[in-house]
K.L.:
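Below is a structure I'd like to ask you about.
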Amino acid sequence: MHCNKLWKIRSLLILLALIWVGIAGFAGPRPSEATSSHDASGSYTLVSIGPGDADLLTVRAVQAIRRADLVFCNPKTREKLASVIDFTGKQVEDGYGVLFRFYGRDCRQVPEAEGTWHGRTCEEFHRKQAEFIVMVQAAVQSGRHVVLLSSGDPTIYGPDLWSVKALKDLNPTVIPGISSLNAANAVLKAGLGEVIITAPFDREGRADTIERLAVHERATMVIFMPRDMPKLLQRLAAAYPADTPVAVVSRAGHVGQENAVMGTVADIGDRLKDQDVQLSLVYVGKALAQAQFKADETPMPSGTGKFYLVGMGPGDADLASLRAVRVIEKADLIFANDKYQKRYASLLKGKKVLDGYGRLFPFYGKDCAKLTPAERANERMSCEAYHQKQAEFERLVRDAVAKGQTVAMLDTGDPLIYGPCSWSLTALRDLPTEVVPGLSCFNAANAALQAGVTQGKSSHSVLLASGWSVDEMAVHQSTMVLFTMRKEFKHFVDALSRHYPAETPVAIVSKAGYAREEQVTRGNLGTILAQLGADKMPFEYLLYVGDFLADGGRVAN
C-alpha cells in the first residue's frame, strides 16, 4: 500500500476520533454511552451513505453503521467505507440491493414483455425481497441492529425505500444523507434557487416531461439518469433556446475525479465528445451563467491559502459530513453565526471565529442608486450598509488567504440551494475556493417522511419552489416541495388550491434534521388549514404536496 494512501486512512481514523470528541456531545451519546448491540430491542435503519468518497458520510450515518450488527452492502461499498468503519465482528450481507422492482405487484398481472429486469424475473425479485424481509425481522426480533446502506439520497430515485414500507411494523428509521445533486452543486459552485429534479422519461400524456417543465426561465432543471445522452440533448434543443447554459457534471463527490463540461444547448453535444459521462447529472438553466467551476484549475502548491464554503446540513450537529468536520479542524479563520458556535463549540475551541457575516447576499452586485424604495424596504439594512459589510468580508478573507491560511464559511443545509452565502463564490472567484457539499433540509425532510419523492403515481419529477414561484410552477401538478421562507402558510395553500384537487395529500415537516424535535403533519390540501387551526407555523418547515404521500407517506413502487 502506498504511503499516501496509508496517510489518508490514518487521517480519516483520527478525524473520526475528533468527531466523537467534538460533536457527539451535541448529537447524542458517545460510543460508551450508546445502546449496546445486545439490547432486547433491535432496529432497522436505511442509511444514506452519500455519493462519492467515504468522507461524505454524515456523522449520524457513521454512528448507525458502527452500532450495527448486521450490515447489508456490496463489496464495493464495504471497501469504500473501510477507512472509517471497522466491519470486524459484523455480519455483512451482499446481494440485497436494488430489489425494488415489482415490489407490491402481482406477477400474474405484469405483461410478459415487462416481466424480466436485469435478467431476473418478477417471481425471483419477490423471492429475494421475502428472503431479505425474513432476515431483517429475525435479526431485529433477536435484539440486533440492522442497516441497509444506500448510495446517495435513497428518497431521490433510490432503489431501497421499498424496504421501509415492507418493514413498517419494525418502526424503521431513514438517516438522510448528501445526494448526488448536493455534490454536483458543489462542483459547479453555482447558487440555485428554484430547482426541477427530473429524469428523461418520455411517456405520452405525462405533465412532468422535460418539454413541459422547461417553460420556467428562472428554474434550473437537473436531470438524473441521462443514459441516452444524444437523445436527451435533442430533446433539450427542442425545449430550450439555443443559448441556454448547460452543464454535465460527472462523478460528483469523488475527489480528483469530478468533472463538469459547460456549454449551451447549441454546443454542449460537441463539447461532450470523448468525455466520460457515466455517473453524470445534466443541468439546464440561466443560473449556470454564474457557476464558478474552472475546468483548467491547477492544483495549488502546499501552503497556499484557500476559501471553503462549507455545507453543514440542517438540524443536529451529527448531520455534518466527515469532510465538513475535517475542514473545520484545519481552518485558521472561520465565519460562523452564534448558533453554529454553540453547536460546534468543541471543534471551534481555540480558533479565530467571526460572526455577523452570514446573510450578506442582499443587493450584491446591484447599483444602490438604481433601487426603488420598495426594493430597499424589503431588507433590514440599507443597500450601502450591505455593500460595506460585503467589502469587509472580502478583505478579511483575502488577507487571510494571502497569508496562506485556510478560511471556512459555515453555512446551513446545502449552501447552493437558496443559500445566503453563495454570493461569496462570485466575489472571491479569483482565489482558490472549494464548496463542501451539505445535505439540504429537503433531504432531511424526505427522510422524515420516509417517502420516495420521485415515486409519485402521477409524477416522477420534484419541483423545489418558494413563495415567489409556487403559483407559476404548480400548474404541472407535479410533486412540489416548498421552501416557505417566512411566507404566510395560507399564501401557499391558496396558490396550490388553484391547481391541485382538494384531496391532494400534503405534509408539513418542521425542524427537519433535529432528531428530538422533528415533526410531520399530514393532511390534504382542502382541509390542512382547518386541521392546523390557529397554530403559528415555526420558521423552519417545508411544505410537500403530491400523491407520492399516499399510503401513509411510504410509497415505494
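We count residues from 1, following the sequence as given.
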K.L.:
State, with a plain yes or no, whether a side-chain heavy atom of H476 is found less than 4.5 Å away from one of L463.
P.N.:
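Yes, their side chains come closer than 4.5 Å.
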K.L.:
What are the two closest non-hydrogen atoms of A237 and V265, and how far apart are they?
P.N.:
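Taking A237 first and V265 second, the nearest heavy atoms are CA-CG1, 3.5 Å.
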K.L.:
For the side chain of Y500 and the backbone of P505, is there at least one donor-acceptor N/O pair under 3.5 Å apart?
P.N.:
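Not a single qualifying donor-acceptor pair exists.
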K.L.:
Charged N to carboxylate O below 4.0 Å: is that the case for D338 and K342?
P.N.:
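A salt bridge links D338 with K342.
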K.L.:
Provide the closest heavy-atom pair for L396 versus L333 in the form atom of the first, atom of the second, distance.
P.N.:
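Reported closest heavy-atom pair: O-CD2, 4.1 Å.
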K.L.:
Could you go through the side-chain hydrogen bond (donor to acceptor under 3.5 Å, both in side chains) check for Y157 and Q455 one step at a time?
P.N.:
CA-CA 7 Å; Y157 300 117; Q455 295 172 349; over 6 Å; no
K.L.:
Calculate, to the nearest 0.5 Å, the distance between atoms CD1 and CG belonging to I223 and L281 respectively.
P.N.:
9.5 Å
K.L.:
Verify whether one side chain among T433 and K306 offers a donor that lies under 3.5 Å from an acceptor in the other.
P.N.:
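Note: T433 and K306 side chains miss the donor-acceptor criterion.
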K.L.:
Would you confirm whether T244, through its side chain, and Y240, through its main-chain N or O, come within 3.5 Å as a donor-acceptor pair?
P.N.:
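No, the answer is negative, given that no donor and acceptor are paired below the 3.5 Å cut-off.
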K.L.:
Can you confirm whether L360 sits close enough to P420 that some side-chain heavy atom of one is under 4.5 Å from a side-chain heavy atom of the other?
P.N.:
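Side-chain contact under 4.5 Å: no.
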K.L.:
Is I156 close to I197 at the side-chain level, that is, under 4.5 Å between some pair of heavy atoms?
P.N.:
yes
K.L.:
Taking side-chain contact (heavy atoms from CB on, under 4.5 Å) as the criterion, tell me which of P314, S48, S179 meets it with L439.
P.N.:
P314
K.L.:
Kindly indicate, with the supporting measurements, whether the criterion side-chain contact (heavy atoms from CB on, under 4.5 Å) is fulfilled by F363 and M381.
P.N.:
CA-CA 10 Å; F363 308 119; M381 295 195 309; over 6 Å; no
K.L.:
Can you tell me if K339 has over 12 outside heavy atoms packed within less than 6.0 Å of its NZ?
P.N.:
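More than 12 heavy atoms, drawn from other residues, nucleotides or ligands, come within 6.0 Å of this atom.
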K.L.:
Backbone N or O of V509 within a donor-acceptor pair of the Q519 side chain at under 3.5 Å?
P.N.:
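Looks like no, no N/O pair under 3.5 Å.
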K.L.:
Report the distance from atom CZ of R343 to atom CG of L410, rounding to the nearest 0.5 Å.
P.N.:
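Going from CZ on R343 over to CG on L410, the span is 10.5 Å.
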K.L.:
Going by heavy atoms in the side chains, are V222 and I196 under 4.5 Å from each other?
P.N.:
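In short, these two side chains do not touch, never coming nearer than 4.5 Å.
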K.L.:
Test your reading of the model: is there a side-chain donor-acceptor pair from Q405 to the backbone of F307, 3.5 Å cut-off?
P.N.:
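Side chain of Q405 to backbone of F307: no pair is present.
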K.L.:
Which distance, rounded to the nearest 0.5 Å, do you find between the CG of L319 and the SG of C441?
P.N.:
11.5 Å
K.L.:
For atom CD of Q388, decide whether the heavy atoms of other residues, nucleotides or ligands shown that lie under 6.0 angstrom number more than 12.
P.N.:
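No - once you tally the heavy atoms of other residues, nucleotides and ligands closer than 6.0 Å, there are 12 at most.
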K.L.:
Before we go on, tell me: are the rings of F335 and F393 under 6.0 Å apart, centre to centre?
P.N.:
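Ring centroids of F335 and F393 are less than 6.0 Å from each other.
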K.L.:
Side chain of Q531, backbone of R522: donor and acceptor closer than 3.5 Å?
P.N.:
yes
K.L.:
When you measure from the side chain of Y340 to the backbone of T412, do you find a donor-acceptor pair of N or O atoms at a distance under 3.5 Å?
P.N.:
yes
K.L.:
Minimum heavy-atom separation for T264 and D267, please, with both atom names.
P.N.:
N-OD1, 2.7 Å
K.L.:
How long is the straight-line distance from CG of D355 back to CG of N337, given to the nearest 0.5 Å?
P.N.:
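The distance works out to 6.0 Å.
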K.L.:
Is the side chain of E434 donor-acceptor paired with the backbone N or O of P432 at a distance under 3.5 Å, no angle test?
P.N.:
no
K.L.:
Between S461 and D208, do the side chains contain an N or O donor and an N or O acceptor separated by less than 3.5 Å?
P.N.:
yes
K.L.:
Mark yes or no for whether R398, through its side chain, and L428, through its backbone, hold a donor-acceptor pair below 3.5 Å.
P.N.:
no
K.L.:
Just by distance, with hydrogens left out, do E472 and H216 show a side-chain donor and acceptor under 3.5 Å apart?
P.N.:
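Distance-only check passes for E472 and H216.
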K.L.:
Of all the heavy-atom pairs spanning G456 and D547, show the shortest one and how long it is.
P.N.:
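Heavy atoms of G456 and D547 come nearest at CA-OD1, 3.4 Å.
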K.L.:
Whether the S466 and E194 side chains hold a donor-acceptor pair (N or O, under 3.5 Å, no angle test) is what I'd like checked.
P.N.:
yes
K.L.:
Does L279 form a side-chain contact (heavy atoms from CB on, under 4.5 Å) with S250? I'd like the steps, not just the answer.
P.N.:
CA-CA 6 Å; L279 303 176; S250 304; over 6 Å; no
K.L.:
Regarding K351 and D332, does a basic nitrogen lie under 4.0 Å from an acidic carboxylate oxygen?
P.N.:
no
K.L.:
Quick one: pull up CE in M409 and CG in L425 and give me the separation to the nearest 0.5 Å.
P.N.:
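Here the rounded value is 10.0 Å.
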K.L.:
Check whether Y386 forms a cation-pi arrangement with K389 (NZ or CZ under 6.0 Å from the six-membered ring centre, at most 45° off the ring normal).
P.N.:
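Checked: cation-pi criterion not met.
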K.L.:
For a side-chain contact (heavy atoms from CB on, under 4.5 Å) check, start with the C-alpha distance between V282 and V246, then their side-chain angles and the critical distance, and finish with the verdict.
P.N.:
CA-CA 7 Å; V282 178; V246 178; 4.2 Å; yes
K.L.:
How far apart are the C-alpha atoms of D494 and R498, what are their side-chain angles, what is the distance that settles it, and do they pass the salt bridge (charged side-chain N to carboxylate O under 4.0 Å, His left out) test?
P.N.:
CA-CA 7 Å; D494 289 345; R498 287 191 281 271; 5.9 Å; no
K.L.:
Do T155 and L161 touch side chain to side chain, with heavy atoms closer than 4.5 Å?
P.N.:
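Heavy-atom side-chain distance check passes, below 4.5 Å.
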K.L.:
Taking the side chain as every heavy atom from C-beta outward, state whether I528 and F489 have any atom pair closer than 4.5 Å.
P.N.:
yes
K.L.:
With a cut-off of 6.0 Å (strictly less than), are more than 12 heavy atoms of other residues, nucleotides or ligands near NZ of K490?
P.N.:
no
K.L.:
Which pair of heavy atoms, one from I178 and one from A183, lies closest together, and at what distance?
P.N.:
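For I178 and A183, the tightest heavy-atom pair comes out as CG2-N, 4.3 Å.
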K.L.:
Kindly indicate, with the supporting measurements, whether the criterion side-chain contact (heavy atoms from CB on, under 4.5 Å) is fulfilled by I417 and F442.
P.N.:
CA-CA 10 Å; I417 297 180; F442 163 63; 5.8 Å; no
K.L.:
Does any part of the side chain of T58, heavy atoms only, come nearer than 4.5 Å to the side chain of D318, both counted from C-beta?
P.N.:
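No, too far: nothing below the 4.5 Å cut-off.
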K.L.:
Report yes or no: does K294 contribute a side-chain atom to a donor-acceptor pair with the main-chain N or O of R429 at less than 3.5 Å?
P.N.:
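Yes, because the side chain of K294 sits within donor-acceptor range (under 3.5 Å) of the backbone of R429.
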K.L.:
If you measure from CG on L496 to CG on D471, what distance do you get to the nearest 0.5 Å?
P.N.:
8.5 Å
K.L.:
Minimum heavy-atom separation for C368 to E384, with atom names?
P.N.:
CB-OE2, 3.4 Å
K.L.:
Does a side-chain heavy-atom distance below 4.5 Å link T406 with V401?
P.N.:
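Counting from C-beta outward, T406 and V401 never come under 4.5 Å.
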K.L.:
With no hydrogens and no angle check, just 3.5 Å: does a side-chain donor-acceptor pair link D414 and S440?
P.N.:
no
K.L.:
Look at E375 together with K370 and state whether they make a salt bridge at an N to O cut-off of under 4.0 Å.
P.N.:
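No.
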K.L.:
Considering residues, nucleotides and ligands other than E217, do more than 12 of their heavy atoms fall under 6.0 Å from its CD?
P.N.:
no
K.L.:
Do H460 side-chain atoms and T454 backbone N/O form a donor-acceptor pair below 3.5 Å?
P.N.:
yes
K.L.:
Y364 vs W423 aromatic rings, parallel, tilted or perpendicular, using cut-offs 30° and 60°?
P.N.:
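Rings of Y364 and W423: tilted, 30 to 60°.
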